[in-house]
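Structure first, then comments.
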Amino acid sequence: MRLATWNVNSIRARVARTVDFAVREHIDVLAMQEIKCKPEQFPYEAFEEAGYHVVAHGLSQWNGVAIASREPIEDVETAFPGMPGFAKDHDGPDAPLEARAIGATVGGVKVWSLYVPNGRALGDPHYTYKLHWLEALAAHTRATLAASPDLPLALVGDFNIAPTPADNGDPAVVEGFSTHVSPPERAAFADLEAAGLADVVRPLVPAGFTYWDYKRLRFPRNEGMRIDFILGSRALADAVTGAAIHRDERKGEIPSDHVPVVVDLDLASPDDDDDVPMIFG
DNA sequence: ATGACATCCAAAGGATGA
(Lines give C-alpha, C1' and ligand atoms only; values in the text may rest on other atoms or scores of the structure.)
Protein backbone atom coordinates (compact mmCIF):
# COMPACT_ATOMS: atom_id res chain seq x y z
CA MET A 1 0.00 0.00 0.00
CA ARG A 2 1.22 3.47 -0.87
CA LEU A 3 -0.09 6.00 1.67
CA ALA A 4 0.19 9.76 1.20
CA THR A 5 -0.78 12.93 3.04
CA TRP A 6 -1.19 16.36 1.49
CA ASN A 7 -2.47 19.69 2.75
CA VAL A 8 -4.07 20.73 -0.54
CA ASN A 9 -5.14 24.26 0.52
CA SER A 10 -8.58 24.01 -1.14
CA ILE A 11 -9.48 20.86 -3.05
CA ARG A 12 -11.76 22.75 -5.41
CA ALA A 13 -8.91 25.03 -6.47
CA ARG A 14 -6.56 22.08 -7.04
CA VAL A 15 -8.61 18.99 -7.83
CA ALA A 16 -6.98 18.24 -11.19
CA ARG A 17 -3.51 18.63 -9.78
CA THR A 18 -4.34 16.47 -6.77
CA VAL A 19 -5.86 13.61 -8.77
CA ASP A 20 -3.07 13.79 -11.36
CA PHE A 21 -0.53 13.33 -8.60
CA ALA A 22 -2.40 10.44 -7.00
CA VAL A 23 -2.69 8.60 -10.31
CA ARG A 24 0.84 9.34 -11.48
CA GLU A 25 2.38 8.21 -8.19
CA HIS A 26 0.08 5.21 -7.77
CA ILE A 27 -1.20 6.43 -4.43
CA ASP A 28 -3.58 3.92 -2.82
CA VAL A 29 -4.65 6.09 0.11
CA LEU A 30 -4.47 9.89 0.05
CA ALA A 31 -5.21 11.82 3.24
CA MET A 32 -6.01 15.46 2.52
CA GLN A 33 -6.18 18.51 4.77
CA GLU A 34 -7.54 22.01 4.26
CA ILE A 35 -10.05 20.91 1.66
CA LYS A 36 -11.82 24.19 2.49
CA CYS A 37 -15.30 22.99 1.63
CA LYS A 38 -18.28 21.07 2.91
CA PRO A 39 -18.76 17.44 1.86
CA GLU A 40 -21.51 18.37 -0.59
CA GLN A 41 -19.07 20.72 -2.32
CA PHE A 42 -16.27 18.16 -2.67
CA PRO A 43 -15.32 17.31 -6.30
CA TYR A 44 -15.96 13.58 -5.93
CA GLU A 45 -16.34 12.89 -9.65
CA ALA A 46 -12.69 13.53 -10.53
CA PHE A 47 -11.57 11.09 -7.84
CA GLU A 48 -14.16 8.47 -8.73
CA GLU A 49 -13.21 8.58 -12.39
CA ALA A 50 -9.64 7.84 -11.28
CA GLY A 51 -10.80 4.86 -9.22
CA TYR A 52 -10.94 6.39 -5.74
CA HIS A 53 -13.54 6.28 -3.04
CA VAL A 54 -13.66 9.49 -0.97
CA VAL A 55 -14.86 10.39 2.49
CA ALA A 56 -14.82 14.08 3.38
CA HIS A 57 -15.51 16.09 6.52
CA GLY A 58 -16.01 19.84 6.32
CA LEU A 59 -18.22 22.29 8.18
CA SER A 60 -17.48 25.58 6.41
CA GLN A 61 -14.88 27.17 4.15
CA TRP A 62 -12.30 26.62 6.88
CA ASN A 63 -10.23 23.53 7.61
CA GLY A 64 -11.77 20.33 6.27
CA VAL A 65 -10.19 16.89 5.89
CA ALA A 66 -10.72 13.92 3.60
CA ILE A 67 -9.45 10.46 2.68
CA ALA A 68 -9.38 9.05 -0.84
CA SER A 69 -8.73 5.34 -1.30
CA ARG A 70 -8.66 2.76 -4.05
CA GLU A 71 -9.86 0.19 -1.51
CA PRO A 72 -13.17 0.55 0.32
CA ILE A 73 -13.20 2.94 3.27
CA GLU A 74 -14.73 1.63 6.48
CA ASP A 75 -15.55 2.80 10.01
CA VAL A 76 -15.42 6.52 9.30
CA GLU A 77 -15.15 8.91 12.26
CA THR A 78 -15.21 12.70 12.00
CA ALA A 79 -13.49 13.44 15.30
CA PHE A 80 -11.32 11.44 17.67
CA PRO A 81 -12.71 10.79 21.17
CA GLY A 82 -11.86 13.68 23.48
CA MET A 83 -11.09 16.13 20.66
CA PRO A 84 -11.73 19.66 21.93
CA GLY A 85 -13.63 22.30 20.00
CA PHE A 86 -12.90 25.99 19.68
CA ALA A 87 -14.82 29.20 20.21
CA LYS A 88 -13.50 32.74 19.92
CA ASP A 89 -11.74 32.93 23.23
CA HIS A 90 -11.58 29.41 24.55
CA ASP A 91 -11.39 25.74 23.67
CA GLY A 92 -12.86 22.68 25.30
CA PRO A 93 -15.54 20.03 25.19
CA ASP A 94 -18.29 22.67 25.26
CA ALA A 95 -16.96 24.58 22.25
CA PRO A 96 -18.00 23.65 18.70
CA LEU A 97 -15.86 21.01 17.04
CA GLU A 98 -13.93 21.96 13.91
CA ALA A 99 -13.35 19.76 10.85
CA ARG A 100 -9.77 18.83 11.65
CA ALA A 101 -9.87 15.03 11.84
CA ILE A 102 -11.29 12.19 9.82
CA GLY A 103 -10.45 8.60 10.65
CA ALA A 104 -11.16 5.41 8.75
CA THR A 105 -9.99 1.85 8.25
CA VAL A 106 -8.53 1.12 4.82
CA GLY A 107 -6.86 -2.12 3.85
CA GLY A 108 -6.47 -3.07 7.51
CA VAL A 109 -4.80 0.24 8.42
CA LYS A 110 -6.43 2.76 10.73
CA VAL A 111 -5.74 6.12 9.15
CA TRP A 112 -6.37 9.56 10.65
CA SER A 113 -6.14 12.58 8.35
CA LEU A 114 -5.33 15.44 10.74
CA TYR A 115 -5.13 19.20 10.47
CA VAL A 116 -3.68 20.35 13.77
CA PRO A 117 -4.73 23.88 14.84
CA ASN A 118 -2.30 26.58 13.79
CA GLY A 119 -1.95 28.32 17.16
CA ARG A 120 -1.74 31.80 15.59
CA ALA A 121 0.54 33.30 18.26
CA LEU A 122 2.09 32.34 21.57
CA GLY A 123 -0.45 33.12 24.26
CA ASP A 124 -3.38 33.28 21.87
CA PRO A 125 -6.44 31.21 22.85
CA HIS A 126 -5.83 29.33 19.61
CA TYR A 127 -2.39 28.35 20.87
CA THR A 128 -3.91 26.87 24.03
CA TYR A 129 -6.43 25.11 21.82
CA LYS A 130 -3.58 23.67 19.76
CA LEU A 131 -1.85 22.26 22.83
CA HIS A 132 -5.07 20.82 24.26
CA TRP A 133 -5.95 19.33 20.88
CA LEU A 134 -2.57 17.60 20.68
CA GLU A 135 -2.85 16.43 24.28
CA ALA A 136 -6.21 14.83 23.52
CA LEU A 137 -4.77 13.23 20.39
CA ALA A 138 -1.95 11.68 22.40
CA ALA A 139 -4.40 10.42 25.02
CA HIS A 140 -6.57 8.85 22.34
CA THR A 141 -3.50 7.26 20.73
CA ARG A 142 -2.40 5.79 24.06
CA ALA A 143 -5.86 4.34 24.66
CA THR A 144 -6.07 2.94 21.13
CA LEU A 145 -2.68 1.23 21.28
CA ALA A 146 -3.28 -0.02 24.82
CA ALA A 147 -6.37 -1.82 23.54
CA SER A 148 -4.78 -2.92 20.24
CA PRO A 149 -0.97 -2.99 20.52
CA ASP A 150 -0.57 -4.61 17.08
CA LEU A 151 -2.85 -2.22 15.23
CA PRO A 152 -1.32 -0.65 12.10
CA LEU A 153 -2.19 2.94 13.01
CA ALA A 154 -1.22 5.97 10.94
CA LEU A 155 -1.65 9.56 12.13
CA VAL A 156 -0.94 11.68 9.09
CA GLY A 157 -1.34 15.27 8.12
CA ASP A 158 -0.37 18.85 8.82
CA PHE A 159 0.84 18.92 12.42
CA ASN A 160 1.82 22.60 12.33
CA ILE A 161 4.93 21.84 14.37
CA ALA A 162 8.56 21.85 13.26
CA PRO A 163 9.93 19.24 15.68
CA THR A 164 13.59 20.28 15.44
CA PRO A 165 15.43 23.52 14.57
CA ALA A 166 16.52 21.88 11.32
CA ASP A 167 12.84 21.63 10.35
CA ASN A 168 12.48 25.41 10.41
CA GLY A 169 14.09 27.22 7.51
CA ASP A 170 11.74 30.20 7.55
CA PRO A 171 13.51 33.30 8.92
CA ALA A 172 10.16 34.77 10.01
CA VAL A 173 9.57 31.81 12.32
CA VAL A 174 11.83 32.57 15.22
CA GLU A 175 12.92 29.91 17.63
CA GLY A 176 11.45 30.75 21.03
CA PHE A 177 9.10 33.47 19.79
CA SER A 178 6.90 31.91 17.13
CA THR A 179 4.33 29.18 16.98
CA HIS A 180 5.34 25.87 15.38
CA VAL A 181 8.73 25.92 17.08
CA SER A 182 7.95 26.69 20.73
CA PRO A 183 9.04 24.20 23.41
CA PRO A 184 5.45 23.32 24.45
CA GLU A 185 4.54 22.48 20.86
CA ARG A 186 7.64 20.38 20.43
CA ALA A 187 6.90 18.67 23.73
CA ALA A 188 3.40 17.90 22.47
CA PHE A 189 4.87 16.34 19.35
CA ALA A 190 7.31 14.32 21.45
CA ASP A 191 4.40 13.12 23.56
CA LEU A 192 2.74 11.70 20.45
CA GLU A 193 5.92 9.73 19.89
CA ALA A 194 5.91 8.67 23.53
CA ALA A 195 2.35 7.44 23.05
CA GLY A 196 3.66 4.81 20.67
CA LEU A 197 4.13 6.54 17.33
CA ALA A 198 7.18 7.15 15.17
CA ASP A 199 7.86 9.48 12.28
CA VAL A 200 8.23 6.82 9.60
CA VAL A 201 9.45 9.20 6.90
CA ARG A 202 12.45 10.87 8.52
CA PRO A 203 14.63 7.75 8.72
CA LEU A 204 14.31 7.40 4.94
CA VAL A 205 14.15 11.12 4.07
CA PRO A 206 16.30 12.80 6.73
CA ALA A 207 16.20 16.32 5.29
CA GLY A 208 13.75 18.50 3.39
CA PHE A 209 10.75 20.71 3.99
CA THR A 210 7.06 20.04 3.30
CA TYR A 211 5.78 23.64 3.36
CA TRP A 212 6.92 26.99 1.99
CA ASP A 213 5.01 30.24 2.56
CA TYR A 214 3.61 31.79 -0.62
CA LYS A 215 5.11 35.13 0.35
CA ARG A 216 8.61 36.50 0.18
CA LEU A 217 10.11 34.02 -2.29
CA ARG A 218 10.15 31.34 0.36
CA PHE A 219 10.15 28.46 -2.12
CA PRO A 220 12.87 29.70 -4.51
CA ARG A 221 15.01 30.44 -1.48
CA ASN A 222 14.09 27.10 0.06
CA GLU A 223 13.07 28.81 3.30
CA GLY A 224 10.42 26.28 4.26
CA MET A 225 9.41 24.11 7.18
CA ARG A 226 8.88 20.42 7.78
CA ILE A 227 5.47 20.26 9.41
CA ASP A 228 3.65 17.46 7.56
CA PHE A 229 4.18 13.97 8.90
CA ILE A 230 3.25 10.33 8.74
CA LEU A 231 3.36 8.95 12.27
CA GLY A 232 2.94 5.22 12.63
CA SER A 233 2.47 2.64 15.36
CA ARG A 234 5.00 -0.18 15.68
CA ALA A 235 3.00 -2.45 13.38
CA LEU A 236 2.81 0.27 10.76
CA ALA A 237 6.45 1.31 11.08
CA ASP A 238 7.56 -2.29 10.67
CA ALA A 239 5.80 -2.40 7.29
CA VAL A 240 7.48 0.67 5.79
CA THR A 241 9.62 -0.07 2.75
CA GLY A 242 10.03 3.41 1.28
CA ALA A 243 9.22 7.10 1.70
CA ALA A 244 9.30 10.35 -0.25
CA ILE A 245 8.60 14.07 0.04
CA HIS A 246 7.41 15.36 -3.33
CA ARG A 247 9.07 18.76 -3.39
CA ASP A 248 8.30 19.26 -7.07
CA GLU A 249 4.60 19.61 -6.25
CA ARG A 250 5.39 23.08 -4.89
CA LYS A 251 6.28 24.13 -8.46
CA GLY A 252 4.10 24.98 -11.42
CA GLU A 253 0.66 26.52 -11.76
CA ILE A 254 -1.29 27.36 -8.60
CA PRO A 255 0.50 24.99 -6.22
CA SER A 256 -0.55 24.33 -2.66
CA ASP A 257 1.90 25.76 -0.16
CA HIS A 258 2.41 22.19 1.11
CA VAL A 259 3.70 19.13 -0.78
CA PRO A 260 2.74 15.44 -0.49
CA VAL A 261 4.49 13.08 1.90
CA VAL A 262 4.38 9.40 0.94
CA VAL A 263 5.23 6.00 2.44
CA ASP A 264 5.20 2.52 0.97
CA LEU A 265 3.88 -0.23 3.22
CA ASP A 266 4.26 -3.99 2.91
CA LEU A 267 1.36 -5.11 5.03
CA ALA A 268 1.50 -8.82 4.31
CA SER A 269 -0.16 -10.61 7.21
CA PRO A 270 2.10 -12.60 9.56
CA ASP A 271 1.04 -15.98 8.14
CA ASP A 272 2.00 -14.91 4.64
CA ASP A 273 5.42 -16.21 3.75
CA ASP A 274 7.18 -14.41 0.96
CA ASP A 275 9.92 -17.04 0.91
CA VAL A 276 7.59 -19.76 -0.28
CA PRO A 277 6.85 -19.76 -4.01
CA MET A 278 3.27 -19.14 -4.97
CA ILE A 279 1.61 -22.48 -5.63
CA PHE A 280 -2.04 -21.61 -5.82
CA GLY A 281 -2.05 -18.68 -8.06
C1' DA B 1 6.92 50.54 9.27
C1' DT B 2 4.18 47.37 6.56
C1' DG B 3 3.07 44.09 3.05
C1' DA B 4 4.36 40.89 0.25
C1' DC B 5 0.45 35.39 -1.32
C1' DA B 6 -3.59 32.70 -1.54
C1' DT B 7 -8.10 30.82 -0.18
C1' DC B 8 -13.07 31.48 1.07
C1' DC B 9 -17.58 34.01 1.02
C1' DA B 10 -19.65 37.46 -1.08
C1' DA B 11 -19.65 41.02 -3.73
C1' DA B 12 -15.57 44.80 -0.27
C1' DG B 13 -12.83 43.54 2.66
C1' DG B 14 -12.26 40.46 6.65
C1' DA B 15 -10.76 35.84 8.38
C1' DT B 16 -7.40 32.53 8.07
C1' DG B 17 -3.02 30.72 7.40
C1' DA B 18 2.39 29.63 9.97
Side-chain angles (χ1 to χ4, degrees), chain A residues 5-18 32-43 56-66 85-91 95-101 113-131 133-134 157-186 188-189 208-229 245 247 249-259 261:
Chain A
T5 184
W6 196 359
N7 179 325
V8 295
N9 187 20
S10 171
I11 190 58
R12 289 178 292 176
R14 263 175 278 285
V15 59
R17 191 174 177 135
T18 304
M32 292 165 272
Q33 301 86 39
E34 282 210 88
I35 63 171
K36 291 189 171 178
C37 67
K38 300 175 185 178
E40 60 268 31
Q41 299 172 307
F42 192 97
H57 177 44
L59 298 168
S60 67
Q61 71 268 45
W62 308 121
N63 315 309
V65 284
F86 184 67
K88 284 182 179 173
D89 57 355
H90 74 286
D91 66 277
L97 296 180
E98 297 185 309
R100 295 182 176 276
S113 177
L114 303 171
Y115 179 43
V116 175
N118 171 292
R120 295 181 185 164
L122 304 189
D124 192 290
H126 208 264
Y127 178 79
T128 306
Y129 170 44
K130 180 179 192 174
L131 295 178
W133 202 94
L134 288 162
D158 177 357
F159 285 78
N160 272 323
I161 299 170
T164 76
D167 300 321
N168 175 22
D170 187 329
V173 180
V174 183
E175 301 283 327
F177 293 90
S178 303
T179 62
H180 298 63
V181 297
S182 71
E185 289 166 281
R186 287 178 170 161
F189 190 89
F209 301 132
T210 65
Y211 159 87
W212 297 261
D213 198 320
Y214 287 120
K215 297 180 284 189
R216 291 163 282 195
L217 299 174
R218 288 295 190 244
F219 184 62
R221 295 178 187 216
N222 195 29
E223 295 174 336
M225 306 180 81
R226 187 192 280 228
I227 56 177
D228 300 87
F229 300 99
I245 296 173
R247 186 179 192 280
E249 286 301 323
R250 186 63 176 77
K251 302 176 181 175
E253 298 290 319
I254 57 166
S256 170
D257 42 1
H258 297 250
V259 296
V261 180

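In what follows, every chain begins at residue 1, and chains take the letters A, B, ... in the order their sequences are listed.
Contacts of A/H180 classified as side chain to side chain donor-acceptor pair (under 3.5 Å), with partners at least two apart in sequence or in another chain: A/N160. Applying the side chain to side chain donor-acceptor pair (under 3.5 Å) criterion to A/N63, with sequence neighbours excluded, gives A/R100. In this structure A/E223 satisfies the side chain to side chain donor-acceptor pair (under 3.5 Å) test together with A/R218, sequence neighbours excluded. Partners of A/S60 according to the side chain to side chain donor-acceptor pair (under 3.5 Å) rule, which considers only residues two or more places apart in sequence or in another chain, do not exist here.
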Worksheet entry | Protein proximity profile, nucleotides 9-18 of chain B - base contact B, sugar-phosphate-only contact S, no contact -, cut-off 4.0 Å on heavy atoms | S-----BSSB
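On the C1' atoms, B/dA15 is 13 Å away from B/dA10, given to the nearest whole Å. Comparing the P positions of B/dT2 and B/dA12 gives a spacing of 29 Å, expressed to the nearest Å. With P as the reference atom, B/dA6 and B/dA18 are 15 Å apart, rounded to whole Å.
Electrostatic pairing of A/R186 and A/E175 counts as a salt bridge here, judged by a charged N lying under 4.0 Å from a carboxylate O.
Pairs engaging residues 122-131 of chain A under the salt bridge (charged side-chain N to carboxylate O under 4.0 Å, His left out) rule: A/K130-A/E185 [sequence neighbours left out].
Contact annotation: A/S10 side-chain N/O to B/dC8 OP1/OP2 distance is under 4.0 Å.
Look at CD on A/E223: it is 15 Å from P on B/dC5, rounded to the nearest Å.
When heavy atoms are screened at a 4.0 angstrom cut-off, A/R14 is found touching the sugar-phosphate backbone but no base atom.
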